[in-house]
Peer 1: 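Please find one structure pasted underneath; my questions will follow.
Keep in mind that this is a model prediction, so the values were computed, not measured.
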Amino acid sequence: LLTMIVQSPASRNEPYRRHSAARIVADIAGPKAVADMIELLRDSDAEVRVHMARGLRRITGETQGCDDAYWKRDQGWDDGCGRWNTWLDRHQDPWGAPKRDRK
């Protein structure tokens, strides 16, 4: 549910609450949130991206070679997002992540 709050366009009007929700997702979300968290790595807000990457590291033990500084950059995170999507394609079942068609 918290990932839906962060994904909501309306949440962009309340950045403090959005960032708080992203931090909580990173701290407590379970394996079923992995696909949504990977999707949020493409968010335009660096703080959201960093929280999602930290949460993914907590849940999966993986970083895909991308540290916080990588996700804080203003742009150029397509490669890291691609690595996470490839990882998810290979590991969806153990994480309980719903299979998704990527756009």
Side-chain angles (χ1 to χ4, degrees):
L1 179 62
L2 279 175
T3 56
M4 292 175 67
I5 292 170
V6 179
Q7 291 168 321
S8 165
S11 73
R12 294 181 186 280
N13 296 328
E14 298 184 78
Y16 177 79
R17 287 185 180 192
R18 187 168 194 255
H19 295 158
S20 294
R23 182 181 36 76
I24 293 167
V25 167
D27 290 345
I28 67 170
K32 290 186 179 186
V34 166
D36 288 330
M37 293 169 75
I38 290 172
E39 186 177 314
L40 283 164
L41 291 174
R42 293 192 182 279
D43 197 274
S44 61
D45 187 323
E47 190 166 340
V48 169
R49 291 191 307 272
V50 169
H51 284 306
M52 293 307 106
R54 288 176 181 171
L56 287 165
R57 181 177 58 232
R58 178 185 59 80
I59 295 168
T60 69
E62 300 284 338
T63 65
Q64 302 307 312
C66 304
D67 60 8
D68 286 357
Y70 179 90
W71 298 110
K72 288 179 184 178
R73 300 186 321 199
D74 290 338
Q75 59 185 354
W77 356 273
D78 286 342
D79 186 52
C81 293
R83 283 185 254 158
W84 271 109
N85 281 317
T86 298
W87 179 89
L88 182 60
D89 287 343
R90 293 182 183 149
H91 299 91
Q92 284 187 30
D93 294 329
W95 302 104
K99 295 193 186 304
R100 295 186 176 185
D101 292 326
R102 302 222 200 302
K103 297 175 188 174

Peer 1: Between D27 and R54, is there a salt bridge with N-O shorter than 4.0 Å?
Peer 2: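 Between D27 and R54 there is no salt bridge, as every charged N stays at least 4.0 Å from the carboxylate O atoms.
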Peer 1: Salt bridge (charged side-chain N to carboxylate O under 4.0 Å, His left out) with R73: which residues, sequence neighbours excluded?
Peer 2: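 R73 satisfies salt bridge (charged side-chain N to carboxylate O under 4.0 Å, His left out) with no other residue.
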Peer 1: Any side-chain heavy atom of N85 within less than 4.5 Å of one from R42?
Peer 2: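 Yes, close enough: below the 4.5 Å cut-off.
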Peer 1: Can you check whether Y16's main-chain N or O pairs, donor with acceptor, with S20's side chain at less than 3.5 Å?
Peer 2: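 Yes: the side chain of S20 pairs with the backbone of Y16.
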Peer 1: Measuring from W84:CH2 to M52:CE, what's the distance to the nearest 0.5 Å?
Peer 2: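 One gets 12.0 Å once the value is rounded to the nearest 0.5 Å.
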Peer 1: Using the side-chain hydrogen bond (donor to acceptor under 3.5 Å, both in side chains) criterion, which residues pair with D67? Sequence neighbours excluded.
Peer 2: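 Counting only residues at least two positions away or on another chain, D67 forms no side-chain hydrogen bond (donor to acceptor under 3.5 Å, both in side chains).
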Peer 1: What pairs with D74 under salt bridge (charged side-chain N to carboxylate O under 4.0 Å, His left out), at least two apart in sequence or on another chain?
Peer 2: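 Counting only residues at least two positions away or on another chain, D74 forms no salt bridge (charged side-chain N to carboxylate O under 4.0 Å, His left out).
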Peer 1: Taking only residues two or more places apart in sequence, or in another chain, which ones meet A21 in a side-chain contact (heavy atoms from CB on, under 4.5 Å)?
Peer 2: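 If we apply the side-chain contact (heavy atoms from CB on, under 4.5 Å) test to A21, skipping adjacent residues, the hits are L2, I5, V6.
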Peer 1: Take M37 and I59 through the side chain to side chain contact (heavy atoms under 4.5 Å, CB included) test and state the conclusion after the steps.
Peer 2: CA-CA 11 Å; M37 293 169 75; I59 295 168; 3.9 Å; yes
Peer 1: For D79, check salt bridge (charged side-chain N to carboxylate O under 4.0 Å, His left out) against everything at least two apart and list the hits.
Peer 2: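 For D79, the residues satisfying salt bridge (charged side-chain N to carboxylate O under 4.0 Å, His left out) (neighbours in sequence not counted) are R83.
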Peer 1: How close do G80 and C66 get, counting heavy atoms only, and between which atoms?
Peer 2: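 Nearest pair, atom of G80 first, then C66: CA-SG, 3.8 Å.
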Peer 1: Any chance you could measure R12, atom CZ, to Q7, atom CD, to the nearest 0.5 Å?
Peer 2: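 Atom-to-atom, R12:CZ and Q7:CD are 10.0 Å apart.
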Peer 1: With R58, which residues qualify under side-chain hydrogen bond (donor to acceptor under 3.5 Å, both in side chains), at least two apart?
Peer 2: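 If we apply the side-chain hydrogen bond (donor to acceptor under 3.5 Å, both in side chains) test to R58, skipping adjacent residues, there are no hits.
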Peer 1: Identify, with sequence neighbours excluded, every residue that meets side-chain contact (heavy atoms from CB on, under 4.5 Å) alongside T63.
Peer 2: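 For T63, the residues satisfying side-chain contact (heavy atoms from CB on, under 4.5 Å) (neighbours in sequence not counted) are R57.
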Peer 1: First locate atom CG of N13, then atom OG of S8, and finally report the distance between them rounded to the nearest 0.5 Å.
Peer 2: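 Result: 8.5 Å between the selected atoms.
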Peer 1: The test is side chain to side chain contact (heavy atoms under 4.5 Å, CB included); show your working for L56 and W87 and say whether it passes.
Peer 2: CA-CA 12 Å; L56 287 165; W87 179 89; 5.9 Å; no
Peer 1: Taking only residues two or more places apart in sequence, or in another chain, which ones meet E62 in a salt bridge (charged side-chain N to carboxylate O under 4.0 Å, His left out)?
Peer 2: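 Expected list: none.
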Peer 1: In chain order, what residues pass the side-chain contact (heavy atoms from CB on, under 4.5 Å) check against A53, with sequence neighbours excluded?
Peer 2: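 L41, W71.
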Peer 1: Start with the C-alpha gap between L40 and H51, add the side-chain angles, then the distance that decides, and say whether side chain to side chain contact (heavy atoms under 4.5 Å, CB included) holds.
Peer 2: CA-CA 9 Å; L40 283 164; H51 284 306; over 6 Å; no
Peer 1: side-chain hydrogen bond (donor to acceptor under 3.5 Å, both in side chains) with R18: which residues, sequence neighbours excluded?
Peer 2: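 Residues passing side-chain hydrogen bond (donor to acceptor under 3.5 Å, both in side chains) with R18: S11, D43.
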